[in-house]
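Working notes, beginning with the structure itself.
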Amino acid sequence: MSEPAQHAAAPPRVAGVPSSGRRALVVGASTGMGAALVRQLVAEGYAVGALARSADKLAELEEACREIGATSGGRVVTRAHDVTDFDAVPGLFEELVTDLGGLDLFVFSAGVMPSIEPREYSTAKDFDIVDVNVKGCIAWTNQTAQLFQTQRSGTIVGISSIAGDRGRKGNPVYCTSKAAMNTYLEALRNRLSEVGVHVCTIKPGYVATRMTEGMDGLFWVASPERAAEQILRAARAKANTRYVLRRWWMVGTVIKSIPSFLFRHLNI
Amino acid sequence: MSGSLKKGHLRASADLSGWSDDVGRGKKRLGAVARSYEYVEGWGRAVGASARVLRPTSLKEVRSVLANAHTDGAPVCLRGGGNSYGDASTNTRGRVLDISRMNRVLDFDGESGVAELEGGVTIAQLWRHILPRGFWPRVVSGTMFPTMAGAAAMNIHGKNNFKVGTIGDAIDSFDLVLANGELVTCSRAQNEDLFHAAIGGFGMLGVMTRVRLRTHRVHSGDLEVHARSAHDLREMMAVFDEERANADYLVGWIDCFGKHDQVGRGLVHVARYLEPGEDTDPESTLKLSHQELPSSILGFPKSQVWRFLRPICNDLGMPLLNLTKHTAGKLEERKKPFRQAHAAFAFLLDYVPDWKMAYGPGGLIQFQSFVPKETALDTYEAMLRHCDTKGIVPYLGVFKRHRPDPFWLTHAVDGYSFAMDFKVVPSRRQELWDHCRELTEMVLSGGGRFYFAKDLTLPPGTARRFLPPENLARFEELKRRVDPDGRFESLLRRRVFGE
């Protein structure tokens with residue numbers, strides 16, 4: 001595609017990343033893993049489209065990336081967007097991809113996890129979760145998959161959660177939404193494999209972001225930067241599913257194998 | 001009453017710039033038109049560009065797409081099945097109007113065989129609709145996926161061009177939506193200049209939303225086919241001449257690796273429709289299940305066969321494959337005539353799904369030229385020798401016989417065509433293009449022409465070197481008249497008709 005704008009140095013050499021074709025789109029980029037991913041990608045010389053609801057946080061992100069991008073040649077394009085605004089997705093996608101000059105990497109990192117009381121059944125809150133975590137993911141990922149299918153290249157990364165492995169009593173619909181996302185990403189992985197496009201499902205355990213703020217009993221908490229690093233490495237290694245941090249794999253395996261008559265009594 | 005149409009005829013004095021006052025814009029409806037941002041490529045996968053693709057399903061939606069493009073000042077590239085090998089239906093600017101979802105069969109008369117179809121109806125849909133009633137399309141291409149609008153815009157031909165002409169000859173009338181939203185019905189009696197220009201007009205004059213054409217009554221779902229082997233090009237042409245009188249279809253496959261006195265060696269397949277009574281069980285041959293192409297070869301699923309072709313799709317494997325086929329052809333010649341279903345005979349490109357994937361990521365191009373019969377032998381022999389000298393040899397060669405037709409930009413001549421498939425190796429792309437430029441010169445000096453559905457390599461501005469000057473001039477004038485803002489554009493238009 002067209003040459004990137006003037007910058008001081010050539011894009012840094014990164015293992016597994018071609019020197020051309022560094023264009024990424026991150027949905028859910030204002031805080032947490034999304035923001036860390038954007039900063040990391042800009043440092044690698046990517047042109048990144050960053051979407052989030054909060055215009056202020058996006059402005060901060062732009063500031064930070066301006067410094068990073070000065071040496072690496074990367075840049076960020078931000079747009080305030082609520083993923084539940086489904087009708088805006090096709091137009092916004094096209095606008096951003098034209099601005100970036102194409103697309104090679106797509107990360108869906110938006111998600112909500114409102115706190116649910118043990119015996120609360122709030123359909124309104126539950127539908128909010130589904131709107132963002134499931135429908136927002138489908139709206140954006142379908143759009144990207146359409147482009148990647150026709151151009152026969154690209155990588156899709158979906159940030160799911162270890163919560164999607166079981167239906168926990170604590171937050172039933174959050175687990176549901178992540179399980180839905182896992183199956184959806186798997187289906188796309190199967191569909192897009194014939195054209196050489198890879199879909200990677202990331203299942204974070206505990207990551208130090210706004211979502212886990214104020215929770216106790218956390219362990220093996222990853223910093224967003226560490227998580228971002230592992231996510232990018234997973235995507236480049238063409239992993240199908242990966243836990244972040246990788247050690248959560250053990251926890252996930254155990255949890256998946258606990259039989260129902262025991263699991264229902266546990267508080268995990 | 002419209003200011004530019006009087007009794008259906010387009011007024012010569014009409015101002016067709018801007019948007020027609022008499023036609024609704026349907027602005028709000030653009031939101032309802034299916035759209036996506038995609039990488040749109042030529043069928044050969046050697047060219048493409050990302051674009052917003054809009055897929056209208058009705059006349060109103062077509063108009064809203066055009067109105068929206070008019071408001072934005074954006075060019076529109078028309079696209080049907082995307083079966084053009086090159087850049088005829090892709091563009092690096094503007095948007096793409098893909099007619100394939102506007103695909104209803106409006107009417108079919110089981111007595112006369114006249115079909116009325118929306119522009120997005122494919123040849124596949126058409127034959128599946130009419131064959132059980134005892135009809136077959138008069139003209140089909142080697143693949144069944146082009147749309148009616150695309151087929152008409154390219155004025156496609158089949159293996160029976162020498163006998164029945166192009167698809168334009170089978171079309172009675174069509175509806176054309178111009179850049180300003182107006183709908184014009186074109187036939188040989190009404191707006192006949194637009195009729196003869198838009199057929200073959202490769203999508204430059206308007207959107208074909210409805211096509212009315214005649215189909216051919218058949219008395220069997222089978223054809224009678226026999227093979228004739230040819231030792232060289234001269235013999236192949238002699239075979240064509242001999243078989244012509246009694247054949248409905250003629251197609252020659254050429255082993256382009258043949259050298260010295262075997263230049264142009266190959267195999268000719270001759271087919272004819274069966275007369276009433278020749279097929280003892282027409283009810284079962286006319287069934288769609290009889291036409292279905294087998295889904296496996298030697299028990300192996302066909303969808304994966306291309307993966308096995310890929311390792312031999314190169315300068316080492318292809319000469320051997322061609323030689324094998326030529327030898328097998330000599331054996332086939334000795335067999336008696338056999339019966340073959342229409343679809344199996346006609347749709348050779350669909351026989352192995354995704355076979356073009358065997359060509360690798362660079363894709364392929366097809367260099368197809370149409371040369372008058374007087375100069376055909378010399379021109380084609382010279383071209384094959386040139387390929388041999390340069391070491392850039394087509395992996396597939398297909399030879400057909402043609403006849404002239406009255407459409408302004410037609411590719412058909414009273415002569416022969418030779419289609420050459422070349423593999424595009426990205427690192428040697430320029431070399432291949434230079435090679436094609438040299439072949440182009442040979443074709444032009446033989447008085448030949450080119451076909452927009454295949455071309456990707458003609459140098460800028462070549463159109464005026466092979467199109468009849470009066471036809472080109474009146475086409476350009478008509479284009480200026482019905483599309484003054486230059487709304488309809490494609491990469492092919494910019495290249496072949498540009499400077």
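The chains referred to below are lettered A, B, ... by the order of the sequence lines, with proteins before strands, and numbering in each begins at 1. All of these numbers come straight from a predicted model, not from anything done at the bench.
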Open item on the list: Run the salt bridge (charged side-chain N to carboxylate O under 4.0 Å, His left out) test on B/Glu41 and A/Arg152 for me, step by step, so that the C-alpha distance in whole Å, both residues' side-chain angles and the decisive distance to 0.1 Å come before the verdict.
Closed with: CA-CA 11 Å; B/Glu41 57 183 8; A/Arg152 263 183 241 95; 2.4 Å; yes
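Of all heavy-atom pairs between A/Gly91 and B/Arg35, the closest is CA-NH1, 4.4 Å. For the pair B/Tyr37 and A/Val97, the tightest heavy-atom approach, listed with the atom from each and the gap, is CE2-CG1, 3.4 Å.
More than 12 heavy atoms of other residues, nucleotides or ligands lie within 6.0 Å of CZ in B/Arg310, so this atom counts as buried by the packing criterion. For A/Arg66, the CZ atom counts as densely surrounded, since its 6.0 Å shell holds more than 12 non-hydrogen atoms of other residues, nucleotides or ligands. In this structure, B/Arg52 places its CZ atom where more than 12 heavy-atom neighbours from other residues, nucleotides or ligands lie under 6.0 Å away. A/Phe127 CZ: 12 or fewer foreign heavy atoms inside a 6.0 Å radius.
Interface remark: B/Ser36 contributes backbone and side-chain atoms alike to the contact with chain A (heavy atom separation under 4.5 Å).
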